[in-house]
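Structure first, commentary second.
Proteins come first, then strands; the chains are lettered A, B, ... in the order of their sequence lines, and each starts at number 1. The structure presented is a predicted model; accordingly, all values stated were derived computationally and were not measured.
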Amino acid sequence: MYALVDGNNFYVSCERVFQPALNSVPVVVLSNNDGCAIARSNEAKALGIAMGAPWFQIKHLEASAGLVALSANFGLYGDMSDRMMRLAAALGPRQEIYSIDESFIDLAGVRGDLVERSHAIRSRILQGTGIPCGIGIGRTKTLAKLANHIAKTAERKPGSYPEQLAQVCNLESLSVPERDAVFAATPVGEVWGVGRQISKKLLTGGVNTVQDLLRLDLATVRRQFSVVLERTVLELRGTPCIELEHMAQAKKEIACTRSFGRPITELHHLNEAVTEFASRAAEKVRKQQGMAAQVLVYIRTSPFRKDDRQYSRSVTVPLRRPSADTAVLVQSALRGLSSIFVEGFRYAKAGVMLLDLQSDRVQQGELDLENDQTEDRSRLMLAMDTLNRRFGKGKVHLASAGLAGNQRTWSMRQERRTPGYTTCWADIPIARA
DNA sequence: TCTGGGGTCCTAGGACCC
DNA sequence: TCTGGGGTCCTAGGACCC
């Protein structure tokens with residue numbers, strides 16, 4: 001048995017903790033560059049704002065419907081997430097942190113009434129962090145996800161499901177007819193693993209609800225779709241195919257990509273951006289004690305600007321040997337960039353990815369033919385990471401990264417950023433009696 | 001004027017091998 | 001007219017997730 005604990009409208013809820021005036025007001029949190037809505041309060045959803053809606057298309061709701069939009073404050077959300085996860089972990093013996101606002105809990109061996117216990121944990125999270133969450137319980141991770149969806153929908157849209165399923169939904173505690181009714185009332189697209197494309201194909205074949213999907217023949221599913229969907233169907237029937245990942249796995253690739261605040265035409269600006277992205281990625285790979293054997297760099301124009309001539313290229317640069325050294329990774333990325341850069345385009349986005357990652361503890365032995373300084377270099381990187389952690393991101397960087405943040409022409413827009421309430425001493429709220 | 005960022009897994013097809 | 005069979009490895013692209 002698994003539970004899925006998931007924060008409601010997570011980013012919006014984080015902001016509301018520190019700005020209670022936002023409660024019961026339609027609120028969205030915008031992606032980097034203030035580009036599109038990546039979190040919506042229930043009131044914002046009720047206004048018909050879709051996930052990922054471009055800000056410039058919904059901006060008019062500010063004046064007409066009192067919509068409040070905030071720039072994403074990921075530092076705050078990460079910290080709130082840690083607090084929520086620690087409280088959620090008390091629900092069972094093992095926890096898998098699946099995303100910033102979701103964790104699976106293995107309920108094996110947990111005694112007593114699971115629904116009651118879940119409500120208690122839910123209250124503790126609400127009290128301790130201010131974040132409301134939903135809890136779904138099922139025999140497999142897919143069923144727990146589905147139960148979570150039902151718990152949240154039952155709360156948000158009264159009448160959609162039986163009232164007692166709101167906030168906490170345990171599918172195992174339902175009778176067979178009750179469960180069938182719930183499955184028949186749930187669109188197939190809500191299932192974990194069924195996205196837009198598969199959903200479309202299923203609907204064409206007359207498979208509309210979870211109940212329909214569950215009854216499909218396994219071999220047919222495999223033939224017409226894939227083993228992935230076959231597993232999903234099995235999971236819906238109660239056969240576990242996806243295990244809980246208790247230990248966080250090392251990443252297999254690490255990316256740092258950004259859209260620019262305005263189009264870039266000049267190579268030296270791209271050089272700055274790519275230096276910055278490769279440096280960030282290098283930090284991340286060192287943090288997981290890894291090294292990369294290949295560096296991928298890409299640049300592209302904006303596909304949304306139909307009138308612009310389009311260009312999109314990427315190149316993978318193999319390293320002579322795996323490295324986590326900022327200078328090595330930046331140099332490779334810049335070399336790649338110069339090989340794909342073409343003059344005359346309005347570039348909207350660039351990115352660096354580190355591929356073929358491996359542990360830095362397994363080093364390929366090698367004859368020291370070129371005055372090996374690996375030891376010194378990794379001490380230098382350690383010093384750089386320590387300084388940047390202590391004094392702020394990017395305080396120590398390579399010269400090719402260019403000017404300090406706010407002087408760059410390509411920096412992303414973030415016009416509605418809230419303070420670092422829990423992560424920055426200067427921003428800590430003051431309580432008054 | 002303005003459309004995010006960071007991941008994973010699977011599959012198909014090509015290169016290459018015997 | 002007819003042109004093997006079976007395997008591995010790699011890559012690109014597509015689908016999904018949040």
Side-chain angles (χ1 to χ4, degrees), chain A residues 4 6-11 28-40 49-60 62 69 71-74 77-78 81 96-104 141-142 145 148-149 189-202 222-232 241-242 245 248-263 277 280-281 284-285 288 293-294 296 298 300-308 312-316 318 346 348-357 412-416:
Chain A
L4 180 72
D6 183 337
N8 297 354
N9 315 330
F10 186 66
Y11 298 163
V28 293
V29 170
L30 302 175
S31 63
N32 278 338
N33 246 340
D34 293 343
C36 45
I38 51 172
R40 306 156 294 151
I49 298 173
M51 183 63 176
W55 170 233
F56 72 94
Q57 284 174 6
I58 55 173
K59 195 170 194 296
H60 64 275
E62 248 182 331
S71 301
N73 185 345
F74 292 113
Y77 311 150
S81 171
E96 170 188 345
I97 295 174
Y98 176 67
S99 75
I100 191 157
D101 68 331
E102 287 172 82
S103 66
F104 286 103
K141 285 167 81 175
T142 303
K145 281 282 271 188
N148 183 274
H149 165 78
E190 300 298 343
V191 173
W192 192 36
V194 179
R196 278 246 304 281
Q197 302 303 316
I198 292 175
S199 199
K200 208 163 96 187
K201 193 168 163 189
L202 284 170
R222 185 173 198 146
R223 190 156 21 84
Q224 297 189 356
F225 294 87
S226 66
V227 295
V228 186
L229 193 66
E230 186 189 16
R231 275 202 290 262
T232 297
C241 303
I242 308 172
E245 284 180 18
Q249 302 295 308
K251 300 262 179 282
K252 296 172 179 174
E253 49 189 72
I254 284 173
C256 184
T257 69
R258 289 286 178 283
S259 298
F260 305 127
R262 58 186 60 122
F277 302 161
R280 285 286 95 76
K284 290 191 213 172
V285 79
Q288 72 165 30
Q294 302 181 61
L296 178 146
Y298 80 87
R300 69 147 214 237
T301 52
S302 169
F304 298 106
R305 300 177 70 102
K306 302 287 183 211
D307 298 338
D308 282 9
S312 170
R313 285 283 182 289
S314 71
V315 63
T316 305
R346 294 160 57 81
K349 187 174 181 179
V352 171
M353 293 173 75
L354 304 183
L355 309 173
D356 206 349
L357 303 187
M412 63 184 178
R413 286 185 307 274
Q414 270 203 321
E415 290 161 4
R416 304 148 177 273

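Scanning both residues, A:T257 and A:K349, for their nearest heavy atoms gives OG1-CE, 4.1 Å.
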(request) Walk me through it: do A:D101 and A:S99 pass the test side-chain hydrogen bond (donor to acceptor under 3.5 Å, both in side chains)? (result) CA-CA 5 Å; A:D101 68 331; A:S99 75; 3.0 Å; yes
(message) Let's go through A:E62 and A:R416 carefully: what are the C-alpha distance in whole Å and the side-chain angles of both, what is the deciding distance for salt bridge (Lys or Arg N to Asp or Glu O under 4.0 Å) to 0.1 Å, and is it a yes or a no?
(response) CA-CA 13 Å; A:E62 248 182 331; A:R416 304 148 177 273; 3.1 Å; yes
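Comparing atom distances between the A:W192 side chain and each of C:dC18, B:dG4, B:dT3 picks out C:dC18 as nearest. Set against B:dC9, B:dG6, C:dA15, the side chain of A:I198 has C:dA15 as its closest nucleotide. Listed nucleotides B:dC10, B:dG6, B:dG7 differ in distance to A:K251; the shortest reach to its side chain belongs to B:dG7. When each of B:dT8, B:dC10, B:dG6 is scored by its nearest atom to the side-chain atoms of A:K252, the top-ranked nucleotide is B:dT8. Of the listed nucleotides (B:dG5, B:dG7, B:dG4), B:dG7 has the atom at the smallest distance from the side chain of A:K284. For A:C36, counting side-chain heavy atoms from C-beta on, the closest listed nucleotide (B:dG6, B:dG7, B:dT3) is B:dT3. In the set B:dC2, B:dG6, B:dC9, the nucleotide with an atom closest to the side chain of A:F56 is B:dC2. You'll find that the side chain of A:Q197 is closest to C:dA15, out of C:dC17, B:dG5, C:dA15. Checked against B:dG5, B:dC2, B:dT11, the side chain of A:R258 finds its nearest nucleotide in B:dG5.
Residue A:T257 places at least one side-chain N or O closer than 4.0 Å to OP1 or OP2 of B:dG6. The phosphate of B:dC2 has OP1 or OP2 within less than 4.0 Å of a side-chain N or O from A:R305. Of the side-chain N and O atoms in A:S259, one or more sit less than 4.0 angstrom from OP1 or OP2 of B:dG4. Checking the phosphate oxygens (OP1, OP2) of C:dG14, no side-chain nitrogen or oxygen of A:R196 falls inside 4.0 Å. The side chain of A:R231 contributes an N or O atom lying less than 4.0 Å from OP1 or OP2 of B:dC10. Contact between the side-chain N/O atoms of A:K145 and the OP1/OP2 oxygens of C:dC18 is found at a separation under 4.0 Å.
Where A:E245 and A:G35 each meet DNA chain B at their nearest nucleotide, the meeting point lying more 5' is that of A:G35. The residue among A:R346 and A:A255 whose nearest nucleotide of DNA chain B lies closer to the 5′ end is A:R346.
Using a 4.0 Å heavy-atom cutoff across all strands shown, A:K349 reaches sugar-phosphate atoms only and no base atom. A:I254 comes within 4.0 angstrom of the backbone, heavy atoms only, and of no base. At the heavy-atom level, A:D34 lies nowhere under 4.0 Å from the strands shown. At a threshold of 4.0 angstrom between heavy atoms, the contacts of A:V191 are confined to the sugar-phosphate backbone, with no base atom among them. As judged by a 4.0 angstrom heavy-atom cut-off over every strand, A:N33 is placed among residues making no nucleic acid contact.
Taking the side chain as every heavy atom from C-beta outward, A:F10 and A:E102 never approach each other to under 4.5 Å. A heavy-atom distance below 4.5 Å is not found between the side chains of A:T316 and A:S314. Between A:E96 and A:K141 there is a side-chain heavy-atom pair separated by less than 4.5 Å. Taking the side chain as every heavy atom from C-beta outward, A:D6 and A:Y98 never approach each other to under 4.5 Å.
Here C:dC18 presents its C1' atom at 11 Å from CZ of A:F74, a figure rounded to the nearest Å. For A:E102 and B:dG6, the CD to P distance is 19 Å, given to the nearest whole Å. For the pair A:I49 CD1 and B:dT3 C1', the interatomic distance rounds to 15 Å; values are reported in whole Å. Between the OH atom of A:Y98 and the P atom of C:dC17 there is a distance of 8 Å, rounded to whole Å. When the P atom of C:dT11 is taken as reference, atom CD of A:E253 falls 13 Å away, rounded to whole Å. A:D6 has its CG atom 10 Å from the C1' atom of C:dC18, to the nearest Å. C:dC17 atom P lies 15 Å from atom CG of A:D101, rounded to whole Å. Protein atom CE of A:M51 is 14 Å distant from nucleotide atom P of B:dG5, rounded to whole Å.
Taking a 6.0 Å sphere around NZ of A:K201, one finds it holds more than 12 heavy atoms contributed by other residues, nucleotides or ligands.
Looking at DNA chain B, the stems built from 3 or more consecutive Watson-Crick or G-U wobble pairs, each pair with its key distances under 3.5 Å, are B:5-18 with C:5-18.
With hydrogens and angles left out, the side-chain atoms of A:S31 and A:N33 include no donor and acceptor closer than 3.5 Å.
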